[in-house]
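One structure below.
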Amino acid sequence: MLTSEYLTCPDLFADTVVDWQKTDGRNALPWQQDPSPYRVMVSELMLQQTQVTTVIPYFQRWMQKLPDIHALAAADTDTVMALWQGLGYYARARNLHKAAKYIVFDLGEFPFELNDLLTIPGIGRYTAGAIRSFAYDAYGPIVDGNVRRLFCRLFGIEGVPTTSAVDKKLWALADALTPKQNNRRFAQALLDLGATVCKPKQADCLSCPLQTQCVAFNTGRVAELPTAKPKKMTPTKAGHFLWIEQGDKLLLQKRPDSGIWADLWSLPQVDETAESLLQAKLQGQFQHVFSHYKLDASVWHPVSGVSEPAGSSWYNKEQVLEIGLPAPIRSWIEKNWLKKS
DNA sequence: CAGTCGTGGCC
DNA sequence: TGGCCAAGACT
């Protein structure tokens, strides 16, 4: 990484990728037409951790309904959330709404400086740089998943790229390699290279404009870089749930306000030593994977006469569809109750 | 620093 | 098919 020609001559890097982008990059994406600060901000928030093909229809619908920042600032929460429905990471929608109100009512105009952009809710270092580049065609370094992968391979950077040490290196590279002009096309070039050439798997090195300078390519380590983060073994925990019916109703329990499935309704959960399990009959099992552990769930049909757990209520088949249930619990109930005559 | 937050696509 | 990943930010 110390010997790359690109570090001693950053303009060579910029010129190379910019020239490539003109002919081989993506230049017809919806947010590339009329790249106003508002349209760029909306697209960048939508694109956080979300693929381009997923975002496109959401972006179109959004712009039809909320064509400018004043419309968004004046919109109500329900409108905003409905337009976001299905995109995931809903904090982004709330932040975007907050951002519009902040810009319109507090700032009065859309910020230009990086440090001012960083004060906007939902806008971090990457998104601030992206807005600088795409909306203003001004200096705005970016490091996202694409740039991370590209730089790790190009400069042979070792180490898990999400660690702070590597992250620091990557941003230093981005700061140094980002030019003072052609920033819109330069930023797009980095993203396009990462997305269409320097892909996570099956990198297309033969059509890469940086091939001759690429450390990973020249040392045959394209598949080894960036360093994969060690996959942590997730423990498996057992969970015991009660299935208690009475007439046409099912007993559900509101979960605590913290921990997994906080504030949602669920089948009553009991400890494996619980008295209610003593003569219970196993009704079925299912598995659910969380980020930090795997749940082996057992659903038990206790003997009659078991006392109702605290905070529990009865729900019939119509009511159960209208309350917040964890996805696996809902799916269990649908399969074993609703669809069973 | 490590966990959290959604959903869909890919092999 | 399940594990990984996607234009990250926030706590």
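Below, chain A is the first sequence line, B the second, and so on; all start at residue 1.
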Under a 3.5 Å threshold, yes or no: a donor from one side chain and an acceptor from the other, between [X] and [Y]?
X        : Y        : value
A:Asp116 : A:Thr119 : no
A:Glu44  : A:Tyr126 : yes
A:Arg185 : A:Ser133 : no

How far does the [atom1] atom of [N] sit from the matching atom of [M], given to the nearest Å?
N      : M     : atom1 : answer
B:dC11 : C:dA7 : P     : 15 Å
C:dC5  : B:dC5 : C1'   : 15 Å
C:dA6  : B:dG6 : C1'   : 12 Å

Exercise. Would a line drawn from the ring center of A:Phe112 to the ring center of A:Tyr136 be shorter than 6.0 Å?
Worked result: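 Aromatic pair counts; centres sit under 6.0 Å.
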
Exercise. Is A:Phe186 reachable from A:Tyr139 through a run of hydrophobic residues whose side-chain heavy atoms are each under 4.5 Å from the next?
Worked result: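 No, it is not one cluster - the side chains of A:Tyr139 and A:Phe186 are not joined through contacts under 4.5 Å.
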
For this session: Check the hydrophobic clustering (I, L, V, M, F, W, Y; side-chain heavy atoms under 4.5 Å; chains of links allowed) and say if A:Leu251 and A:Val270 are grouped together.
Result: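 Cluster IDs for A:Leu251 and A:Val270 match.
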
Problem set entry | Ion pair A:Arg125/A:Asp175, N-O distance below 4.0 Å |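 Looking at A:Asp175 together with A:Arg125, the answer is yes, because their closest N to O distance falls below 4.0 Å.
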
Seminar exercise, completed: A correct dot-bracket answer for DNA chain B, with pairs being Watson-Crick or G-U at under 3.5 Å, [ ] for crossing pairs and | for inter-strand pairs, is .||||.|||||

For this session: If the plane angle is over 60° it's perpendicular, under 30° parallel, otherwise tilted; pick one for A:Phe155 and A:Tyr6.
Result: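 The rings of A:Phe155 and A:Tyr6 stand perpendicular, inter-plane angle above 60°.
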
Exercise. Across the strands shown, which category fits A:Ser164 at heavy-atom distances under 4.0 angstrom: base, sugar-phosphate, nothing?
Worked result: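 Since only primed, P, OP1 and OP2 atoms lie under 4.0 Å of A:Ser164, the category is sugar-phosphate.
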
For this session: Have a look at A:Leu87 and say if it touches a base, only the backbone sugar-phosphate, or nothing, with a 4.0 Å heavy-atom cut-off.
Result: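 A:Leu87: base contact, heavy atoms under 4.0 Å.
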
For this session: Going 5' to 3' through nucleotides 5-11 of chain C, assign each nucleotide B (protein heavy atom under 4.0 Å from a base atom), S (under 4.0 Å only from sugar-phosphate atoms) or - (no protein heavy atom that close).
Result: -BBBSS-

Exercise. When the nearest nucleotide of DNA chain B is assigned to A:Thr162 and to A:Thr54 on a heavy-atom basis, which residue is associated with the more 5' position?
Worked result: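 The residue mapped nearer the 5' terminus is A:Thr162.
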
